Amino acid sequence: MEPEKEKTGRLNSQRRRVPDWLMGTPEVRIPPGSDLVDRQPEPKRARLSGIVMAENCEITHEQLCELLKYAVLAQPVIERPRWCQLLYGKHLSRTVVVILQGMSQLHFYRFYLEFGFLRKAFRHKFRLPPPSSTFLADVIGLPNQRAGYLPKTMGGSLPSASTKPEVDLQNDPVIQKYGAQKVGVLRCLLTEEEMRTFDFPLQGSPDCEDFVTTGCNASVTENSPLFGLDGEMCITSKGRELTRISLVAEGGSCLMDELVKPDEEIVDYATCYSGITEEMLKPVTTKLKDVQRRLKALLPPDAVLVGHSLDVDLRALNMIHPYVIDTSLLYARERGRRFKLKFLAKAILGRDIQRSERDGHDPTEDATATLELAQYFLKYGPRKIAELNLEALWRAQDPRNVREKFQYPYRGALTCFDSAHQKLLFVTRETDDIELPSPEDCETIKCLSNREVFEQARRQVRLYPFSIIRFSFEPFSPLLTEEVNKRMRVKWTEMSTIYAGPLSKDCKLSALKRLFRSFGPVRTMTAVLETHQPHLSIEYEVLEAAQLAIESLNGVLVEGVYIKVQRPVTELTLDCDTLVKELERDSENRATIYLSGVSKDFLGHTQELPNLFGGLEAVIVPPDAKSGRQEKYCFLQFKTFGNAQRALHVLTGKDWKLKGRQALTPRHLHAWLRRSPPESRRPAGLTVRPPPSERETLQNLKAENAKSAARRWSRKIGRLYRSLSPGTLCVILLPGTASPHGSLSGLGLMGIKDEEEESAGPSMGFTKPEVDLQNDPVIQKYGAQKVGVLRCLLTEEEMRTFDFPLQGSPDCEDFVTTGCNASVTENSPLFGLDGEMCITSKGRELTRISLVAEGGSCLMDELVKPDEEIVDYATCYSGITEEMLKPVTTKLKDVQRRLKALLPPDAVLVGHSLDVDLRALNMIHPYVIDTSLLYARERGRRFKLKFLAKAILGRDIQRSERDGHDPTEDATATLELAQYFLKYGPRKIAELNLEALWRAQDPRNVREKFQYPYRGALTCFDSAHQKLLFVTRETDDIELPSPEDCETIKCLSNREVFEQARRQVRLYPFSIIRFSFEPFSPLLTEEVNKRMRVKWTEMSTIYAGPLSKDCKLSALKRLFRSFGPVRTMTAVLETHQPHLSIEYEVLEAAQLAIESLNGVLVEGVYIKVQRPVTELTLDCDTLVKELERDSENRATIYLSGVSKDFLGHTQELPNLFGGLEAVIVPPDAKSGRQEKYCFLQFKTFGNAQRALHVLTGKDWKLKGRQALTPRHLHAWLRRSPPESRRPAGLTVRPPPSERETLQNLKAENAKSAARRWSRKIGRLYRSLSPGTLCVILLPGTASPHGSLSGLGLMGIKDEEEESAGPSMGL
């Protein structure tokens, strides 16, 4: 019988492995020698075990109730808590429960640094489920006034239907399992699969080799006899063993009631549950084998055994029986839970069993009850059971009728206090509508404020053995809750992410993967190619792995390069270093170490080397979230900090070669973060928001808000805790919040104050136009979520609508099937198909067919000879000529046979207007994806394949300079379009706004840029009998108009253009050298443009802090604005101490602020000034140095704080401003007024530096430095639209494969082309004679999707440059 088994198992104190029900989760292993297993008699003071044993560290309110009940009464008859061990509970002096109403686990970790005392003092932390409306009643055991009770005088009858709430029969678990009609014995039997699921002993099971069968192997019928079976167990050195067994037949006759002598010595009789005493077993000689023989003799061949949690009884008997009815499963309950036998007997049979006044349970009584419950079910059927609404009865049951000892602990506790002439103390606010039930048992003090609650608690708590102190706080609003929750998770994601680099381009990616994975589990590893040299972005699953990688690799030589390893710096991670230090001091983390690289055998080593692992309390091995397999990292929890450090020193030494450090993440928090949904992680960059007013910022800094409340009340609770006497169990509850908008989990902290704590104090050490997604045809057809292959397939109805060839159609009688008739899955292979047709006397017939597989390999590209004579080759579309088809002998039937051989049974064909290709093939295929229908368009129209390839893939196909289309190219494009759709989903397609791109495309896409520009120059050359040199590529369709005036050289490649230019350019007075490069695709253009602007925004932004809370905001504004124009200035309150985020309009101002203020005393605090660190700014320092070397910037200086009269001074003092060429004073973008900064451009670098030295000296008192931003770039950036600046955080994307990353690192891409051709143009420039005017033009691009401005560079090569190298300006 189930209750007895559940409780007796908990009393085992000698077993070397803690039972699974105690563990609650497979990830915690308790080693030998721990408190949970071997309890030593000394020291005699109350203490808690070192680990919370519950799945995901979540403790229900009922489980917390168990602990408090045991702590209050501490008597052997009281059930011990199942989820933790309270050792020497009798030595507790008192119990104090502090409730912070309105706060949650989210509050604790959002304000972790503010909750200084709580995190250091309380080692034991656990998560609580969101609270119900009766939270206090659930946790403390107060009666719930709003709940109905099960009538005390229900006798043998059930409550009438009129008194019951309406029952939802359709969703009742009994109806769902058995149906509404009456059932027989056969339907109630457990199937073999169910018996395996619920751990019944079965023949052939590895753990049942020595089990005995009952010999009942005859066929069971509806008339087979039922027998009730129940046993009682005691605890031996071997575990739970049978000590009494009862067998009851139908009619109530007891066939067997035997006491059994266990083979092993009994350690605990558990009399309060089993009813067995030492005296009862002294004369007993019956052994387990005797009972087995007798049972086999009593049971007929078709016997059906009935019991409650019968698997436990059969395992105690060491017997296997094939026909069983388990009443704990028969009376099915919601979400797979089970009703207690005591409750079912009372609710169904009206009988009180397992009464508290008895010593233990009576197995005959329990066996009879289970048998009668099965008979009741068979007699009245599932519908009757459902109408009883047992779930409602269970929730509404009277605590005085059912399990009085254990169900509602503090009703019993109040009685105990009353009998001992003691009272419970309850201190709360008057506004809280909570009343304790018995004034005689409880002293209630109502207060006007939290402050008064605190003062009363300090005075009164020492006078009562049990106290409840309840503070009330305003919870977060629903919107704020969602935002804080999201930012909290993102913060931990960012803290668990590192950037490593720069890396060599020839680095071995596999070796780098192994290196970074050796520190812990990697969620994503991504190559960052935004920088000059590649970096890696690694997001770990645990914070410890990221911290260990930073400590181990920063500044280390890796693959021939010294790398820097750092975290992202965003407004959420500004206080990351402080937070890591405080996490190390957290009382739960101080005695816990993190290890990476552990093997499956590691747990065995912990048991083999007890001296090394002295004080080890638990080994926590988290399973992989997806596969469930053991991860290669673990946490070891020790009794003391010293034990942990000694083990860490050995385990990370030469013998073990593991990597590890002190733990940082409390276990319950780690479990919470592992369930973080992907959408909670925020995209990369900075949050750009309008700056608050000064008054609003001051209010945020100084107002009475949640952060200041957390800090203040943590200190007050610390004062209250220190006032407690030693031996006090203190439980702090942040209940969480329940709301229609979303609930928040709570958090519990607990600890026992002891002598050491009393004396020493606690030392627990491309932006697109707005798209109407709702009305987008793709969203309307497929929804917004990502879809799979099956969803993209055309249905039979769609294929009929769009005229695809189908079996049974009258016009497809002579068509051939592809033979693909296997079931299609999400992993079925895709094949791109495209054909070209010519016009014959019969109509359009196939002349060329291409089949492409995933990966781009062409499986088939065949020319086909039509049966009829060709009337029109349509070469401009098909690309087919008469000469091409002359030698061809392949016929349509040959193509059909080859296609059938190539395609697997579950092949999916992809094409664009695929119905035309299949009809040209005379073939039928059942599984097709048509990209002309996949990318749905308004009013049923279709996009052209050429447009989709350009807009989605950035690829030009079906180009006009070719003769016709290439079917292989088209088939590849359709296949990639389908893969893009499957990868990114309908929402991404809708956001591209293809309809707008289609409407915006320019039909006059004629490239005539160079058609006319040199006509005037040519006339001049002709009159002087000279020629112009024009070197270009053959593929460029540009002809200069006059061969007499121009020498045109056509080359096959850019390389040949370069070589010809080097040889010929000296021979002509005017030369045009034209290199051709592949432009960015429209999507890439937009993305690069956006990221470029965002990068400069981030480089122009600084974080400054920490700041004093009493700082003068107006003074700070003046200080930071003295360096240059500020676009936004925002207070960052995510951190423990406030910071400022300042975004400047010019890069020079940000750099000047960093150089001037970093490490300086500001408003009484030494502040750190730094840029954000994101994947875009990893090479910021390198870029700043290179900008200083830019030829335009070398002789230009930036000045801030200039007045309106400054221009006049530049003219009055020519000696000071010698070599001054220009004064650039940008106007304000909005008002048009002169800004308070300017740029001075000089002839030479020396002129600029002399002027800078004087202007920033004592007389002028300006602030300035060398310029960084070329003027044309500054003008371009000032026009940056606000939507181009990206929001704060990290880009979280799936990691690329090793091959893709290597291709990105080493392939011929735009970056390497820029580097190479810059060097080549340098060589060409150096070959020119002095006095040559050199103009470099980057023309830009014009596209229907958006145009890009060009750039021009020019300079005259002179004698100095020939020797020293070019120094061109822009």
Side-chain angles (χ1 to χ4, degrees), residues 768 771 776-778 781-782 792 794 798 801-804 830 832-839 844 846-850 852 874-880 909-920 928-982 984 986 988-1007 1079-1086 1341-1346:
K768 296 209 164 282
V771 185
D776 187 273
V778 177
K781 184 174 181 180
Y782 296 101
C792 295
L794 291 183
E798 287 176 316
T801 301
F802 295 109
D803 202 28
F804 277 77
L830 308 183
L833 181 74
D834 191 74
E836 300 298 338
M837 276 73 80
C838 293
I839 311 299
R844 286 193 301 182
L846 190 73
T847 50
R848 187 176 175 186
I849 186 71
S850 289
V852 177
T875 306
C876 59
Y877 302 111
S878 68
I880 304 296
L909 289 182
V910 182
H912 198 83
S913 298
L914 192 56
D915 55 310
V916 178
D917 298 301
L918 288 173
R919 286 192 174 275
V928 298
I929 295 174
D930 194 315
T931 51
S932 70
L933 301 171
L934 189 67
Y935 289 83
R937 198 179 171 196
E938 296 173 352
R939 295 188 293 278
R941 295 173 296 173
R942 305 192 193 187
F943 290 115
K944 301 286 187 185
L945 177 60
K946 180 175 181 176
F947 166 75
L948 289 176
K950 184 69 174 175
I952 304 293
L953 309 175
R955 184 181 304 159
D956 275 320
I957 64 171
Q958 303 174 0
R959 291 190 290 276
S960 56
E961 61 266 20
R962 285 186 185 165
D963 283 335
H965 302 168
D966 181 350
T968 303
E969 183 181 59
D970 291 356
T972 304
T974 58
L975 185 58
E976 291 182 10
L977 284 168
Q979 291 170 327
Y980 186 97
F981 193 96
L982 291 168
Y984 294 105
K988 175 72 172 177
I989 307 304
E991 288 172 349
L992 294 178
N993 206 350
L994 294 174
E995 194 67 38
L997 291 177
W998 173 266
R999 288 196 296 266
Q1001 64 181 352
D1002 188 353
R1004 300 164 298 172
N1005 215 354
V1006 183
R1007 290 175 288 176
F1080 288 154
S1081 68
L1083 292 179
L1084 184 58
T1085 296
E1086 188 173 353
T1341 59
S1343 164
H1345 314 292

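For clarity, every value in this text was computed on a predicted model and none was experimentally measured.
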**Item:** Ile957 versus Ala973, closest heavy-atom pair with distance
**Value:** CD1-CB, 4.2 Å

**Item:** Point-to-point distance, once rounded to the nearest 0.5 Å, from NE2 of His965 to NZ of Lys946
**Value:** 7.5 Å

**Prompt:** Are Leu982 and Leu830 close enough, and set up right, to give a side-chain contact (heavy atoms from CB on, under 4.5 Å), and what steps lead you there?
**Reply:** CA-CA 12 Å; Leu982 291 168; Leu830 308 183; 4.0 Å; yes

**Complete:** Smallest heavy-atom separation, Cys792 atom then Tyr782 atom, equals CA-CE2, 4.4 Å

**Check: Glu836 main-chain N/O paired with Ser878 side-chain donor or acceptor under 3.5 Å** = no

**Asked** Could you state the interatomic distance from CD (Glu798) to CZ (Phe804), rounded to the nearest 0.5 Å?
**Response** 9.5 Å

**Message:** Please determine whether the number of non-hydrogen atoms from other residues, nucleotides or ligands lying under 6.0 Å from atom NZ of Lys781 exceeds 12.
**Reply:** yes

**Item:** Nearest-0.5 Å distance that lies between atom OG1 in Thr974 and atom CD in Gln979
**Value:** 9.5 Å

**Fill in**
Correct closest heavy-atom pair for Gly835 and Leu846 would be CA-CD1, 4.1 Å

**Asked** Do the non-hydrogen side-chain atoms of Arg941 and Glu995 ever get within less than 4.5 Å of each other?
**Response** yes

**Asked** How many angstroms lie between OG1 in Thr931 and CG in Leu945, if you round to the nearest 0.5 Å?
**Response** 6.0 Å

**Any residue meeting side chain to side chain contact (heavy atoms under 4.5 Å, CB included) with Ser850, in chain and number order, not counting sequence neighbours** = Asp861, Pro967, Thr968

**Request:** Please assess Phe802 against Asp915 for the test side-chain contact (heavy atoms from CB on, under 4.5 Å), listing each intermediate value before the final yes or no.
**Result:** CA-CA 7 Å; Phe802 295 109; Asp915 55 310; 5.6 Å; no

**Asked** Is Arg942 atom CZ crowded by more than 12 heavy atoms from other residues, nucleotides or ligands, each under 6.0 Å away?
**Response** yes

**Asked** Could you give the distance from CG (Leu934) to CD1 (Ile989), rounded to the nearest 0.5 Å?
**Response** 8.0 Å

**Fill in**
The single option from Leu977, Ile929, Asp930 that satisfies side-chain contact (heavy atoms from CB on, under 4.5 Å) with Val910 is Ile929

**Request:** Can you see which heavy atom on Ser913 is nearest to which on Ser932, and at what distance?
**Result:** N-OG, 3.6 Å

**Item:** Heavy-atom pair with the smallest gap, counting every atom of Ala936 and Phe943
**Value:** O-CE1, 4.2 Å

**Asked** What distance do Leu994 atom CG and Ile952 atom CD1 have between them, rounded to the nearest 0.5 Å?
**Response** 4.5 Å

**Request:** List the atom of Leu997, the atom of Ala951, and the distance in Å for their closest heavy-atom pair.
**Result:** CD1-CB, 4.3 Å

**Request:** Flag the pair Ile880 / Arg848 as yes when at least one side-chain heavy-atom distance between them is below 4.5 Å, and no otherwise.
**Result:** yes

**Message:** Any heavy-atom pair between the side chains of Leu918 and Val928 that's under 4.5 Å?
**Reply:** yes

**Message:** Go through it in stages, so that I can follow the logic: the residues are Gln958 and Tyr877, the test is side-chain contact (heavy atoms from CB on, under 4.5 Å), and I'd like the CA-CA distance, side-chain angles, deciding distance and then a yes or no.
**Reply:** CA-CA 9 Å; Gln958 303 174 0; Tyr877 302 111; over 6 Å; no

